[in-house]
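Reckoned from all heavy atoms, side chains included, excluding hydrogens, waters and symmetry mates. Just so it is clear, the model here is predicted, and its values are computed rather than measured. Proteins get letters first, then strands, A, B, ... in listed order; numbering begins at 1 in each.
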Number of protein chains: 2
Amino acid sequence: MTHTPPSTLGPRATQKLQTRQALLQAVLRLTEHQSLGGLSLREVSRAAGIVPAGFYRHFPDMESLGVALVEQSLGGLRTALRAVRVGLTESDEIARRSVEVLAREVRAQRDQFRFISRERYGGMQRVRQAIHDQLRLISEELATDLRSGDVTASSVLADWSEEDVRILTDMIVNHMTSTAAAIVDVPPGRPAVGHQVIATATTQLQLIIVGARHWLDPA
Amino acid sequence: MTHTPPSTLGPRATQKLQTRQALLQAVLRLTEHQSLGGLSLREVSRAAGIVPAGFYRHFPDMESLGVALVEQSLGGLRTALRAVRVGLTESDEIARRSVEVLAREVRAQRDQFRFISRERYGGMQRVRQAIHDQLRLISEELATDLRSGDVTASSVLADWSEEDVRILTDMIVNHMTSTAAAIVDVPPGRPAVGHQVIATATTQLQLIIVGARHWLDPA
DNA sequence: CTATTCAGCGAACAGGTGTTTACTGAGTGA
DNA sequence: TCACTCAGTAAACACCTGTTCGCTGAATAG
């Protein structure tokens, strides 16, 4: 009677998942000084501890591996950003806390974000597309939270057109990716530089918010 | 007695320059669908019409070729941007005209800017450094024009600290690079999409300017 | 006219590449 | 227990890679 499919995976599937993660980790490690397109399938397989032919048990090619990496990385950031906004109504507060979360996330998953920065414009087509799609999702979720919900209570955004809100959130997301790239490039062991980067980014985001507040002002 | 060095280069040097340009052009052509790190020296030499060994007559390696390409590309943009600001005093006008110049330049030198976008975060170390340096120059020149000169006459920036001006111009330059990347990604033969991108970028830049105007306002 | 320079050539080198093939042997389901 | 699935293996395939070497022959300098 105990015919429920095992909620805990068998040793077979577990081991496969581990190897898959080893492949993803290998790419993150190897892309510290070069881009995905500069890696060879053999190099990655070697670093993951399997033979080249074994690679095909997990991905049909390196581009697919890249797409999987994008979804794992940006998916995590997306939920973290969504979580930080619940209960906040002051856009100043949202700005400061969003930059904080971004900084924390980037420092915790440094090589994931280096990978994203690297491949956002530089990478292979499907990888770039995957990044683009994830960023659009983040932008749209931010737009929803800014237009509806408690946030609008203390905001001027209620009067804005959908189009204008999209323009605003696109800019904010672009600013976030620039910030992430800047944090990634901070030399390790120089936390002072990191603080400087975050302070600058926060100021810039506040300037955007001030602009948004006075957007519809009489000239 | 006619010992002046020839102001017009001899056929020898001329031909060498042509081959050098052929190498640069070959890289621009080949990086449409992959990044510089994914190109092989042989591939580039072949596309330029020379034998692999001939490559070394011009560059010691591909990274150096990339640096040369960066300086040629961003050097042009830098002078074009500096030129467009002379005689302008209204920051609104500066914003609109800067985006115009950027868009014109990007469309005229599409593959150069695609290359810059590709390599800004994705590329090899020295290439990234070269891009970073050029962008910092652009940011500093903009800061100088905003602080001194006629511009300040109708601006609030006169009261700003150097640091704050740097923060502002850094953000503007980042916005420009995002815009350039977006324009490059516009599908060819869809000018309507291109107009949309430029309109969005202009609005975003104006929002930044509004923010700057009210930056020191009493809350 | 003569001696020198040097951009580009052709061949060779040791080694890395993606992909296919047939295989092993532990994990699985009935 | 027993057939079968399938993650990982080992070897072979034809091909491309960066770099070096000595050579050519036209442009150059004196």
Is A:Arg118 reaching over with its side chain to a backbone N or O of B:Tyr121, donor-acceptor style, under 3.5 angstrom? yes

Look only at the side chain of B:Glu63 and the backbone of B:Arg126, and say whether a donor-acceptor pair between them is shorter than 3.5 Å. yes

What are the residues of residues 24-44 of chain B, sorted by number, that bring a heavy atom to within less than 4.0 Å of DNA chain D? B:Ser40, B:Leu41, B:Arg42

Show your working on side-chain contact (heavy atoms from CB on, under 4.5 Å) between A:Arg82 and A:Arg78 and close with a plain yes or no. CA-CA 6 Å; A:Arg82 203 146 15 102; A:Arg78 195 152 66 84; 3.8 Å; yes

Separation of B:Leu23 atom CG from C:dG8 atom C1', in whole Å? 12 Å

Residues B:Thr31 and B:Arg114: side-chain donor-acceptor under 3.5 angstrom: no

List the residues meeting side-chain contact (heavy atoms from CB on, under 4.5 Å) with B:Ala80, not counting sequence neighbours, and say none if there are none. B:Val101, B:Glu105

Please tabulate, one pair per line, all N/O donor-acceptor pairs under 3.5 Å involving side-chain atoms of residues 21-30 of chain B, not counting sequence neighbours.
{"unit_1": "B:Gln21", "atom_1": "NE2", "unit_2": "B:Gln72", "atom_2": "OE1", "d": "3.3"}

Please list, by residue number, the residues of residues 62-69 of chain A whose heavy atoms come closer than 4.0 Å to an atom of DNA chain D; answer none if no residue qualifies. none

Rounded to whole Å, the OH-C1' distance (B:Tyr56 to D:dG22) equals 17 Å

side-chain hydrogen bond (donor to acceptor under 3.5 Å, both in side chains) with B:Thr19: which residues, sequence neighbours excluded? B:Gln15

Give every residue pair that meets the salt bridge (Lys or Arg N to Asp or Glu O under 4.0 Å) criterion with at least one member in residues 48-61 of chain A, sequence neighbours excluded. none

Contacts satisfying salt bridge (Lys or Arg N to Asp or Glu O under 4.0 Å) that involve residues 172-183 of chain A (not counting sequence neighbours) are none

When every nucleotide of nucleotides 2-8 of chain D is labelled 5' to 3' by its protein contacts under 4.0 Å (heavy atoms), B for base, S for sugar-phosphate only, - for none, what sequence of letters results? ---BBBB

When Watson-Crick pairs (N1 to N3 and N6-O4 or O6-N4) and G-U wobble pairs (N1-O2 and O6-N3) count only below 3.5 Å on both distances, what is the dot-bracket string of DNA chain C, with | for other-strand pairs? ||||||||||||.||||.||||||||||||

Could you note down all residue pairs passing salt bridge (Lys or Arg N to Asp or Glu O under 4.0 Å) where residues 164-181 of chain B supplies at least one of them, sequence neighbours left out? B:Glu163-B:Arg166, B:Arg166-B:Asp170

A:Ser98: what forms a side-chain contact (heavy atoms from CB on, under 4.5 Å) with it, not counting sequence neighbours? A:Val84, A:Ile94

Specify the residue among B:Asp61 and B:Pro11 whose closest nucleotide of DNA chain D lies further upstream toward the 5′ end. B:Asp61

Residues that B:Thr169 engages under side-chain hydrogen bond (donor to acceptor under 3.5 Å, both in side chains), provided they are two or more places apart: B:Ser139

In plain terms, say whether A:Glu140 and A:Arg136 are close enough for a salt bridge, that is, a side-chain N and a carboxylate O under 4.0 Å apart. yes

How is B:Arg20 classified with respect to the nucleic acid when contacts are heavy atoms under 4.0 Å: base, sugar-phosphate, or nothing? nothing

